[in-house]
Structure formats: C-alpha cells, structure tokens
Amino acid sequence: MQYLLTNAGVFCTYVEGSIVNGEGETAALHAWNLVMIDGEYFFLDATEGDPYFVEAEESTGLAREADYSYLCLTSEDLLRLGYTASEEYAVPETYMRTWDFYVVNGCYHEVFDYDEIYSALIGAPESEEASVYMKFSDFENYAAAVDTIISGGLLDEASQYRMSLMGTEELEYVPVCNDALYTINIYW
C-alpha cells in the first residue's frame, strides 16, 4: 500500500504495532499505514479491508467485496479496534473524517433515523446496488440500527422487496456488522 500510494503522490508511511484484545493482551502483531490527504492525517489498513467473507462467497455465490471500513480511520477508531503502535513510531492524533469512505459516499449517520435507513435499504434494489453501507457516529446509534435492521426485520423486509423487483423467490445476502467501527455493510 505504501509503495502504491507513494508512487501516486500521496504521503504514506508504514506503522507497526499490535492489536490488543479487550483484556489488554496482545492478540496479534499487525501493521497499517498513516497517510496524508489535503494536509490531514488518516490511518488505513489494507489488510483488514481485504475481502474477508470468502466462505460466504463460496456458499452463496456473492461477489467478494473489499471492506472500505478501514480507509481513512481516526485515532479514536484505532483505539476502539485495539490497535497500538510500537513505541518507535510517533504517530499523530487524527480526528477528521473528511475522507472516510462512509462520509465521502453519503453513508455516515450522526443519528439513527429509521426513515433514512429504510430509504437506503429500499432504494438499493431500485438503483440495482449490490451493497448498502452505513456507519454511525457512536455506539448507541449503531446499536439501534443493528437492532432495527437485523433483529427487527428491516433487512428481511428490504430483501423481500428486492426479490419482488427481481421476480425471484430466493435471495442470498450477508450483513457484516463491525461493533468497533459502528459499521453495517450488507451484501446482496
């Protein structure tokens, strides 16, 4: 990633560290990148963004998708994910979400708004979108969305609508929820 971005004229450096679990123990050694875009620092993790539901692809026939949740992360995002840079790396604090994938693509939600989420899920089949992406500003709004979409049946309702438009009786989908990043990605 560093090689590609540097050659594209984007400042990018390599950061080594670890991922710490909830008990404060090192779960795995890991590395990610620090980038600068328009004078602002962000983190990105191309490894975690690599398509990761290969088993789902094989069982459902769904196309593999990159996970854009790990593009242009803030220091707060890294902290929630358990990322800790090694001591030899002096990394700046980052706060802006300017280039966050969800912000750039209009999928970032400050609050959970049922009508807005309903429109995104129902609008996807009408525009023939194969995926719906959502990120929330905090855990409370994210949890409300997960409860409504997954447990409350809104995803099933959207899938039924998609099937009626497609004229089919079966539809495979995979919802991927990330509690640390407050994201819900749905792949049909």
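What's counted below: heavy atoms across the whole structure, side chains too, no hydrogens, waters or symmetry copies.
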> Do Thr94 and Phe42 have side-chain heavy atoms sitting under 4.5 Å apart?
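A side-chain contact is absent here, since even the closest heavy-atom pair is not under 4.5 Å.
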> Does Arg80 make a cation-pi contact with Tyr182, if we ask for NZ or CZ under 6.0 Å from the ring centre and within 45° of the axis?
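Judged by the rule, Arg80 and Tyr182 form a cation-pi pair.
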> Could you check whether any side-chain heavy atom of Thr74 comes within less than 4.5 Å of a side-chain heavy atom of Tyr95, counting everything from C-beta outward?
no
> Ignoring hydrogens, what is the shortest heavy-atom contact between Cys72 and Ile37? Give both atom names and the distance.
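The answer is SG-CD1, 3.9 Å.
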> Decide yes or no for Val103 and Thr98: does some side-chain heavy atom of the first lie under 4.5 Å from some side-chain heavy atom of the second?
no
> Between Trp32 and Thr47, is the side chain to side chain contact (heavy atoms under 4.5 Å, CB included) condition met? List the steps.
CA-CA 8 Å; Trp32 54 95; Thr47 303; over 6 Å; no
> Where is the tightest heavy-atom contact between Glu110 and Asp138, given as atom of each residue plus distance?
O-OD2, 4.4 Å
> Less than 4.5 Å apart, any side-chain heavy atom of Val91 and any of Leu78?
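No. Closest side-chain heavy atoms not under 4.5 Å.
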> Are side-chain heavy atoms of Tyr83 and Asp77 found at a separation under 4.5 Å?
no
> Testing the basics here: between Glu129 and Arg162, what is the closest heavy-atom pair and its distance to 0.1 Å?
O-NH2, 2.5 Å
> More than 12 non-hydrogen atoms from neighbouring residues, nucleotides or ligands closer than 6.0 Å to CD on Glu87, yes or no?
no
> Students often mix this up, so state it plainly: with edges at 30° and 60°, are the rings of Phe112 and Tyr114 parallel, tilted or perpendicular?
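Perpendicular.
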> Is a side-chain donor-acceptor pair under 3.5 Å present for Asn33 with Tyr70?
no
> So do Tyr41 and Ser75 actually touch side chain to side chain, heavy atoms under 4.5 Å?
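SC-SC contact between Ser75 and Tyr41 ruled out.
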> Could you tell me whether the side chains of Ser159 and Trp188 share a donor-acceptor contact shorter than 3.5 Å?
yes
> For the hydrophobic clusters of this structure (ILVMFWY residues joined by side-chain heavy atoms under 4.5 Å, transitively), does one cluster hold both Leu44 and Leu79?
no
> Determine whether a donor-acceptor pair (N or O, by modelled atom type, separation under 3.5 Å) exists between the side chain of Asn105 and the backbone of Cys107.
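Side chain of Asn105 to backbone of Cys107: no pair is present.
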> Where is the tightest heavy-atom contact between Tyr89 and Tyr14, given as atom of each residue plus distance?
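Looking at all heavy atoms of both residues, the shortest contact is CE2-O, 3.2 Å.
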> Can you name the one residue among Val146, Leu154, Asp147 that meets side chain to side chain contact (heavy atoms under 4.5 Å, CB included) with Ile150?
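The single option meeting the side chain to side chain contact (heavy atoms under 4.5 Å, CB included) with Ile150 is Val146.
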> Just wondering, do Ile19 and Leu81 contact through their side chains at under 4.5 Å, heavy atoms?
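The answer is no, as the side chains (C-beta and beyond) never meet within the 4.5 Å cut-off.
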> Report yes or no: do Tyr142 and Thr183 form a side-chain donor-acceptor pair below 3.5 Å?
no
> Please find the pair of heavy atoms, one from Leu121 and one from Ala158, that lie closest to each other, and give the distance.
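The answer is CB-CB, 3.8 Å.
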> Decide if atom OH of Tyr108 counts as having more than 12 heavy atoms of other residues, nucleotides or ligands within a radius under 6.0 Å.
yes
